[in-house]
Amino acid sequence: MKRYKTGFIHSIETLGLVDGEGIRIVIFMQGCPLRCLFCHNPDTWEKGGKEVTSKEIVDVVRKYRSFIELGGGVTFSGGEPLYQSEFLLDTLKLSKKAGINTCIDTSGTGYTKEYLDEILKYTDLVILDIKAIDPEGYKKMTGKSIDDFNYFKEKLKEKNTRLWLRQVIVPEINDTKEYILKLKEYIKDFDNVEKVELLPYHTMGVEKYKKLGIKYRLEDTPPMDIEKIKKLQELLK
Ligand code: SF4
């Protein structure tokens, strides 16, 4: 009998509309190595959560077959899905075997290197979060070095993976025309980019920080102005 890999998830959301093509079943995985200033899911940071097998995940996704047949699929988000590389790979393989379109929504960090090639082989689309484009900015934004992200970026090129890029725009950190023009140059270094989205910083996660007793480091930062972000998005065209 096949032994399925076991992993830890935070929750499952059905009928996601923005995390990949069509209607998605989104698996929020538990655990993340980064500590982004703007993170609104601090409850996914630590390891733990609900223990499940790869087969259990795919069985849940299969229940939504009718949506999947309409062009949707499964998206692994988090937390950081690559943080449980072996479990992620097993679940991706099973998903593809079941004819399910697969997507990972990732920061491009926290992976176990030996699984990366295969993870990308069984992933139809990567949604990659750019946290910052330079090493200092990246360290400030996430608390970690940009090196792992850069390695992942090269892997994406090597594997020719289809890619959507996302960047959260935070007032007084990266909401300037100058930054967006630099970002525009920076993304030329990726292959296969189908979409670039700027996401507005919001403060909807603040209550979670209070509940968890974690200091919210952007407490003086207002939510990003939607009209301004629309103008910044225009610059990327
Ligand atoms: S990578 Fe995502 S889950 Fe992890 S800290 Fe950053 S925003 Fe939060």
Side-chain angles (χ1 to χ4, degrees), residues 1-33 41 43-44 47-129 152-153 155-166 190-195 197:
M1 212 177 96
K2 183 179 183 332
R3 275 178 65 89
Y4 297 103
K5 300 286 174 217
T6 299
F8 294 88
I9 62 165
H10 173 273
S11 53
I12 297 179
E13 189 182 294
T14 52
L15 313 185
L17 291 169
V18 293
D19 301 301
E21 293 149 311
I23 295 172
R24 316 296 299 183
I25 315 304
V26 186
I27 315 295
F28 291 95
M29 292 171 70
Q30 187 68 33
C32 181
N41 288 325
D43 47 337
T44 63
K47 288 187 171 164
K50 184 175 183 238
E51 191 170 9
V52 290
T53 66
S54 49
K55 179 159 185 316
E56 283 168 336
I57 296 279
V58 175
D59 285 346
V60 170
V61 178
R62 285 159 79 115
K63 285 192 197 151
Y64 298 90
R65 186 110 234 158
S66 49
F67 293 118
I68 289 162
E69 280 162 5
L70 286 173
V74 63
T75 296
F76 298 92
S77 184
E80 173 48 63
L82 293 173
Y83 210 24
Q84 300 182 65
S85 292
E86 195 181 9
F87 170 63
L88 176 66
L89 173 58
D90 200 40
T91 316
L92 286 167
K93 273 188 185 169
L94 274 184
S95 303
K96 288 311 300 174
K97 210 170 157 193
I100 299 166
N101 175 281
T102 57
C103 169
I104 58 174
D105 174 8
T106 177
S107 65
T109 66
Y111 47 78
T112 308
K113 263 188 189 167
E114 64 184 284
Y115 298 114
L116 261 193
D117 282 11
E118 273 209 288
I119 284 174
L120 293 178
K121 180 174 165 194
Y122 292 99
T123 301
D124 295 311
L125 174 73
V126 169
I127 301 177
L128 181 66
D129 290 324
F152 187 74
K153 180 179 159 198
K155 269 284 161 210
L156 291 171
K157 279 196 211 172
E158 186 189 314
K159 300 290 166 196
N160 217 20
T161 311
R162 289 180 52 222
L163 199 54
W164 292 5
L165 296 177
R166 283 181 176 167
F190 289 86
D191 294 335
N192 263 336
V193 178
E194 296 178 1
K195 208 190 232 192
E197 284 177 303

- prompt: Does the ring of Phe190 carry Lys157 above it, NZ/CZ under 6.0 angstrom from centre and within 45° of its axis?
  reply: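 No - Lys157 does not lie over the ring of Phe190 by the 6.0 Å and 45° rule.
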
- prompt: Can Lys47 be said to sit on top of Tyr83's aromatic six-ring, NZ or CZ under 6.0 Å from centre and within 45° of the ring axis?
  reply: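 Yes, Lys47 lies over the aromatic ring of Tyr83.
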
- prompt: Do any pairs count as a salt bridge (charged side-chain N to carboxylate O under 4.0 Å, His left out) and have a residue in residues 7-17, sequence neighbours left out, and if so which ones?
  reply: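 Applying salt bridge (charged side-chain N to carboxylate O under 4.0 Å, His left out) to every pair that reaches into residues 7-17, excluding sequence neighbours, yields nothing.
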
Does the distance from a Lys or Arg side-chain N to an Asp or Glu carboxylate O, for [X] and [Y], drop under 4.0 Å?
X: Arg166; Y: Asp19; answer: yes
X: Arg162; Y: Glu21; answer: yes
X: Lys96; Y: Asp124; answer: yes
X: Lys63; Y: Asp59; answer: no

Between atom [atom1] of [X] and atom [atom2] of [Y], what is the distance when rounded to the nearest 0.5 Å?
X: Phe8; Y: Glu51; atom1: CZ; atom2: CD; value: 4.0 Å
X: Cys103; Y: Leu92; atom1: SG; atom2: CG; value: 10.0 Å
X: Lys93; Y: Lys121; atom1: NZ; atom2: NZ; value: 7.5 Å
X: Ile23; Y: Thr75; atom1: CD1; atom2: OG1; value: 12.0 Å
X: Gln84; Y: Ile9; atom1: CD; atom2: CD1; value: 9.5 Å
X: Leu156; Y: Leu163; atom1: CG; atom2: CG; value: 5.5 Å

Donor-acceptor pair, distance only, cut-off 3.5 Å: does the side chain of [X] make one with the backbone of [Y]?
X: Glu56; Y: Thr53; result: yes
X: Thr102; Y: Tyr122; result: yes
X: Asp90; Y: Lys5; result: yes
X: Ser85; Y: Thr112; result: yes
X: Gln30; Y: Asp43; result: yes

Side-chain touch [X]/[Y], heavy atoms, less than 4.5 angstrom:
X: Met29; Y: Phe87; answer: yes
X: Ile12; Y: Phe28; answer: no
X: Ile68; Y: Asn101; answer: no

- prompt: So Ile104 and Ile127, side chain to side chain contact (heavy atoms under 4.5 Å, CB included) or not? Walk me through it.
  reply: CA-CA 6 Å; Ile104 58 174; Ile127 301 177; over 6 Å; no

task: Report the C-alpha distance between Phe76 and Leu82 in whole Å, list the side-chain angles of each, state the deciding distance to 0.1 Å, and finish with yes or no for side chain to side chain contact (heavy atoms under 4.5 Å, CB included).
output: CA-CA 9 Å; Phe76 298 92; Leu82 293 173; over 6 Å; no

Least distance between heavy atoms, [X] atom then [Y] atom:
X: Ser54; Y: Thr91; answer: CB-OG1, 3.3 Å
X: Pro81; Y: Leu88; answer: O-CD2, 3.7 Å
X: Ser95; Y: Val74; answer: OG-CG1, 4.1 Å
X: Gly110; Y: Pro33; answer: CA-CG, 3.7 Å
X: Leu125; Y: Thr123; answer: O-CG2, 3.2 Å
X: Arg62; Y: Ala98; answer: NH1-CB, 3.4 Å

message: Apply side chain to side chain contact (heavy atoms under 4.5 Å, CB included) to residues Tyr111 and Lys155 and explain how you reach the verdict.
response: CA-CA 12 Å; Tyr111 47 78; Lys155 269 284 161 210; over 6 Å; no

Residue of the set Asp105, Asn41, Thr44 for which side-chain hydrogen bond (donor to acceptor under 3.5 Å, both in side chains) holds with Ser77: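 Going through the options one by one, the only one that passes is Asp105.
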
- prompt: In chain order, what residues pass the side-chain hydrogen bond (donor to acceptor under 3.5 Å, both in side chains) check against Ser107, with sequence neighbours excluded?
  reply: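 With neighbours one apart ignored, the set is Glu80, Thr109.
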
message: Would Asn192 and Asn160 count as a side chain to side chain donor-acceptor pair (under 3.5 Å) here? Give the steps.
response: CA-CA 7 Å; Asn192 263 336; Asn160 217 20; 2.8 Å; yes

- request: Test Ile100 against Val58 for side chain to side chain contact (heavy atoms under 4.5 Å, CB included), laying out the working first.
  value: CA-CA 9 Å; Ile100 299 166; Val58 175; 4.1 Å; yes

message: Does Lys55 have more than 12 heavy atoms from other residues, nucleotides or ligands lying within 6.0 Å of its NZ?
response: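 12 or below, so no.
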
